[in-house]
Amino acid sequence: MTPPGTFNVRLFGPAREAAGAPVLAVELDAPASASEVIAALGRACPALMPLLPSSRVAVNRAYVEAETAVEPGDEVAILPPVGGG
Amino acid sequence: MTPPGTFNVRLFGPAREAAGAPVLAVELDAPASASEVIAALGRACPALMPLLPSSRVAVNRAYVEAETAVEPGDEVAILPPVGGG
Amino acid sequence: MRTHFEITESPLSIEALVARLADPSAGAVATFSGTARNTFAGKEVRYLEYEAYRPMAEQVLADIGTEIAIRWPHVIAIAIAHRVGRLEIGESSVIVAVSAPHRREALQACAYGIDRLKAILPVWKKEVFADGEVWRENVFGNSTQGGEPP
Amino acid sequence: MRTHFEITESPLSIEALVARLADPSAGAVATFSGTARNTFAGKEVRYLEYEAYRPMAEQVLADIGTEIAIRWPHVIAIAIAHRVGRLEIGESSVIVAVSAPHRREALQACAYGIDRLKAILPVWKKEVFADGEVWRENVFGNSTQGGEPP
């Protein structure tokens, strides 16, 4: 059994607005994959569900793939489709 | 016999400098073609000769082809290769 | 290659950004600026709100700079500024400025910079209408020539 | 399409030229500026002298504007300024600025404008060195993408 860990996930733009908060904490066995963190986020906050399929994940300020391992101390963020420029 | 006419030809950049004047007058039967004006210009000012093959001709502020007819009242100009920008 | 990147709440100035590129060997400077438009699909926009994941955005701008340095090794300097917060119609949201010895590299690198930024910079835009608001994501299939990602 | 063209002995300003393009429907502004370089083929240039056939140059700029309006009908405004007289190193000799609803047209039309201008604008440049001077003509084979003549 891996120890449970707390993952603090930063939310931006429409995700932040849907959740009503800039950061959400989810509990998961660590390490977890990026996609496991996202799935836990959807369960913790169903309002985010519609946004998650089109969102990307960043770990420590870099885009990552779904299978990337994430540790509780990592800076995890949900990035809905961007609109800069 | 066509009447002789005076063609005032404006010179720019290296052509102006080679001729030592911004305008040269040449006498030719009128109307003449642009290339006839240029040939007369070369005879009137041999210092221009090396520049003429690469130069373009403008009549009334528009580029023209060698065979274009030119009247004495037209604004004729010799345009060496340009260097703007 | 010299670089300057900023995410800022202050109004942007093309002249100020171009001044950062000054170099006696630079013969060409290309800039692109995006400005807040007054309509979207015929509907009147009152103002815009931009939000950034700022530390990541600064990293992404640096990454885009590195991509440009690799693709156009003659580029002398690049500066990018992106504004965040509330923007009125007509204000600049982003400026990309590139200097190079010749025009081709400057123009191509500038087009590449804005294309990449629109694709990957973690910034979100909300359009505020008289009767509501919407988060507007960038659409593609409109990339500039020479601007596709490597 | 709105236009502004000038051949001037005064220093050029990107900001001033861009201000002429302002339009609430313009989402994109692209600019190109050419600046006087300090060397040519390794030789130090002290300053430049530009000479224009001014009335024809103004006509040619208007013609280039018309070409752009035909090729990119969405372009909103174009402004081009070319400086003449003596220029110090680092000063701008030319600025092309284009606004459009979207970046693609603005960037392509700007690249086209500078390419055409370098090919056909009746302007001549003299480079002055410590030990002489030379009339420098534009060389081609370095056109920007999307910028070839029609």
Side-chain angles (χ1 to χ4, degrees), chain A residues 7-26 33-35 37-38 40-42 44-85, chain C residues 5 7 12 32-37 40 48-64 80-84 87 92-96 110-128 133-140 142-144 147 149:
Chain A
F7 293 81
N8 292 302
V9 182
R10 303 184 66 168
L11 306 172
F12 292 95
R16 176 188 53 70
E17 211 167 67
V23 182
L24 282 184
V26 294
S33 69
S35 60
V37 175
I38 300 320
L41 199 66
C45 178
L48 282 175
M49 281 287 201
L51 293 167
L52 297 177
S54 64
S55 293
R56 298 178 70 180
V57 180
V59 175
N60 299 331
R61 307 174 181 179
Y63 290 106
V64 299
E65 302 300 323
E67 62 274 17
T68 302
V70 186
E71 299 283 352
D74 288 336
E75 183 173 316
V76 184
I78 295 299
L79 311 182
V82 298
Chain C
F5 303 116
I7 306 288
L12 306 183
F32 175 85
S33 58
T35 53
R37 297 176 63 194
F40 188 91
L48 301 178
E49 295 259 17
Y50 280 89
E51 172 178 339
Y53 178 9
R54 193 183 287 226
M56 180 170 168
E58 287 164 353
Q59 180 58 51
V60 167
L61 291 179
D63 293 345
I64 293 172
I80 304 180
H82 201 298
R83 183 142 169 225
V84 292
L87 271 77
S92 291
S93 51
V94 66
I95 302 176
V96 177
C110 181
Y112 178 87
I114 186 64
D115 277 359
R116 285 294 276 162
L117 182 158
K118 286 197 171 249
I120 65 174
L121 192 71
V123 167
W124 296 269
K125 172 169 72 171
K126 187 198 279 185
E127 292 173 347
V128 180
E133 53 187 48
V134 62
W135 289 97
R136 182 73 59 194
E137 61 190 73
N138 291 331
V139 289
F140 295 94
N142 184 32
S143 81
T144 54

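Chain letters run A, B, ... following the sequence lines, proteins first and then strands; every chain starts at 1.
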Under 4.5 Å from any heavy atom of chain A, what part of C:K126 do you find: side chain, backbone, both or neither? side chain
Could you tell me which non-hydrogen atom of C:S93 sits nearest to which non-hydrogen atom of A:G85, and how far apart they are? OG-O, 3.0 Å
Heavy-atom closest contact (C:W124 atom, A:P14 atom, distance): CD1-CD, 4.0 Å
What part of C:I120 gets closer than 4.5 Å to chain A, counting heavy atoms only: side chain, backbone, both or neither? both
Heavy-atom proximity to chain A below 4.5 Å, by part of C:A52: backbone
When rounded to the nearest 0.5 Å, the distance separating CD of A:E17 from CH2 of C:W135 is 5.5 Å
Any idea which of C:S92, C:P55, C:S33 has the most non-hydrogen atom pairs under 4.5 angstrom with chain A? C:P55
For residues 67-85 of chain A, which residue pairs pass the salt bridge (charged side-chain N to carboxylate O under 4.0 Å, His left out) check, not counting sequence neighbours? A:R10-A:E75, A:R61-A:E75
Bottom line for C:E127: the part with an atom under 4.5 Å from chain A's heavy atoms is neither
For a quick test of reading the model, state the closest non-hydrogen atom pair linking A:L79 to C:P122 and the distance between them. CD1-CB, 4.4 Å
Using atom types as modelled and distance alone, determine if a side-chain donor or acceptor of C:Y53 lies under 3.5 Å from a backbone N or O of A:A58. no
